[in-house]
Amino acid sequence: MRSLFVVFALIVLVITPPMMAAQKVELTIDTSKTGAKIDRNIFGQFAEHLGHGIYEGIWVGADSKIPNTRGIRNDVVGALKAIKVPNVRWPGGCFADEYHWRKGIGPQRSVTLNPNWGGVTEANTFGAHEFMDFIDQIGAEAYISVNVGSGTPQEAAEWLEYMTAAAPTTLVKERAANGHPAPYKVGLLGIGNESWDCGGNMTPDYYVSQMKIYSRFVRNFNPAQQDKQQMLKIAVGPGGDGPRWTDWTETVMKAYQQHTWSWDINGLSMHNYTVVHWPPSYSSVGFGETEYSQILKSTLEMEGLISKHSAIMDKYDPDKKVALIVDEWGSWYAPLPGSNPGFLVQQNSLRDAILAAFNLNIFARHANRVRGANIAQMINVLQAMIMTDKEKMVLTPTYYVFKMYVPFQDATFVPVTFDAGWYTHGAVALPRLDAIAAKDANGKLWLEITNLDPNESVEIEAGLAGIAAKSASGETLTAPKVDSVNTFDAANTVMPKPISAKVQGGKLTLKLEPKSVTVVSVEQ
Ligand code: AHR
């Protein structure tokens, strides 16, 4: 019996993998060396008339049984308020370059088509007034993309007059008759969308001539936006890193360098999806470590892309007056089986949470040039914050990352240095950790650390030069598997939970779980 027990114990020893000791990583945070402000607009959202992004996702109509305020669902508004959405880009995307704003105002709405996204009918019941009501309810600014592709400068100019003017013009009276006498504020104006492709397949030179005309004539007349809070005009920028895209950035920025009093731009847009290759074929559900590591490797290409286009912008705009606005980014996977492929429906997993943290950290590190970004898309489409199914709503892992990052909005960047070694899987090798730090308006220090390694935990010891730290507390987001998701039936699988962190002798220590996103604040 005894020898049998010994044999059994030996077998257990052989087949049980040795307990992995957590990796130890030292971080240095020097709070005396602060960088640029992390513009809260990098946490912007994108809401296009596409699938169930607007209809069902936001708009259910005043007669719906789903609790709503003037047709806009209350549960969605509540969730978005909690992540302090700075701005929402609307009405597209490709949809914007076929959108005619008049069809979406007044008591009689025209039913049109949405040829880009499933060829479905567009009821136009959600138009300019409904959008402005929505962003007012969530406390965000409007980022309106005007139609450069199939519209005219006059149509766009009249839209902005209708929205923003205070003087009693015929258009302003029409706005008042439609329920809004006071002028609306429009914070950002997109001059077209992907004009190199779905927005009209223009050459860079042709686009620049259009851009100048729209910049000149599409004015914001809101009296409150003349001296302060001026509307930012965003030109179409690159969609990749090849010569086609560097040529585009060169052409727009060269034109900007020679701009006169009569036109100006304040931003250059950039679009970059994490897709690996087109058409999107990676599954958003039921994947393993191989797809996890490949997608994360691909998403880190954002860093090189921003550096490349920023360097071109620096040539023509060394004072960094023109912001780089990454107004479409996020994961783009194969459509969920059974969904309309034109509706771009995908699940959102822990992998997407880590992907979101990586991209937000890249934007923060480039805060002196990247002063805006809009994840695609806010609800029910691509890398969404929120998914709805009739009266049900679920918050995604990406939503929770945006919630955890709220303290970084408008905080001042603080450099972090560390060497955490590499995580490898097959042919993929990635830095095991990513981290950013920032000081908020009250001087409180915030630290975000992502441990992308799905197998090993990491023990952090962070030196906190420049502050008398007393205590620390925070939250971590992780889940049992890299493909863990929140569903309508199991909504709390991927949710932040408190993490314990210690401060002693000017050092912060904490243990990061594998595949986790952690945000910690330090009390002084
Ligand atoms: O977000 C989906 C689409 O992706 C947008 O409409 C377009 O701008 C981009 O190609």
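Both counts, for ligands and for their atoms, begin at 1 and track the order of listing.
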Contacts under 3.5 angstrom, residues 385-393 side chains, donor-acceptor by atom type, not counting sequence neighbours:
from: T388; atom 1: OG1; to: N380; atom 2: ND2; distance (Å): 2.8

| field | Pairwise ring-ring contact (aromatic ring centres under 6.0 Å, His included) hits with a residue in residues 67-88, at least two apart | value |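 Found none.
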For residues 334-341, dump all side-chain donor-acceptor pairs below 3.5 Å to protein atoms at least two apart in sequence or in another chain.
from: S339; atom 1: OG; to: L336; atom 2: O; distance (Å): 2.6
from: N340; atom 1: OD1; to: G342; atom 2: N; distance (Å): 2.8

| field | Aromatic ring pairing W101/W159, orientation class (parallel under 30°, perpendicular over 60°, tilted between) | value |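 Parallel: the ring planes of W101 and W159 meet at under 30°.
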Output block, N or O contacts of ligand 1, threshold 3.5 Å exclusive:
from: ligand 1; atom 1: 1 (O); to: Y273; atom 2: OH; distance (Å): 2.7
from: ligand 1; atom 1: 1 (O); to: Q377; atom 2: NE2; distance (Å): 3.0
from: ligand 1; atom 1: 4 (O); to: Y273; atom 2: OH; distance (Å): 3.4
from: ligand 1; atom 1: 4 (O); to: E328; atom 2: OE1; distance (Å): 3.2
from: ligand 1; atom 1: 6 (O); to: E48; atom 2: OE1; distance (Å): 2.7
from: ligand 1; atom 1: 6 (O); to: E48; atom 2: OE2; distance (Å): 3.0
from: ligand 1; atom 1: 6 (O); to: C94; atom 2: N; distance (Å): 2.9
from: ligand 1; atom 1: 8 (O); to: N193; atom 2: OD1; distance (Å): 3.3
from: ligand 1; atom 1: 8 (O); to: N193; atom 2: ND2; distance (Å): 3.0
from: ligand 1; atom 1: 8 (O); to: E194; atom 2: OE2; distance (Å): 3.4
from: ligand 1; atom 1: 8 (O); to: E328; atom 2: OE1; distance (Å): 3.1
from: ligand 1; atom 1: 8 (O); to: E328; atom 2: OE2; distance (Å): 2.7
from: ligand 1; atom 1: 10 (O); to: E194; atom 2: OE1; distance (Å): 2.8
from: ligand 1; atom 1: 10 (O); to: E194; atom 2: OE2; distance (Å): 3.2

| request: State, yes or no, whether a side-chain contact exists between E328 and R89 at a heavy-atom distance under 4.5 Å. | output: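 SC-SC contact between E328 and R89 confirmed.
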| query | Can you find a pair of side-chain heavy atoms, one from W248 and one from V236, that are under 4.5 Å apart? | reply |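 W248 reaches V236 side chain to side chain.
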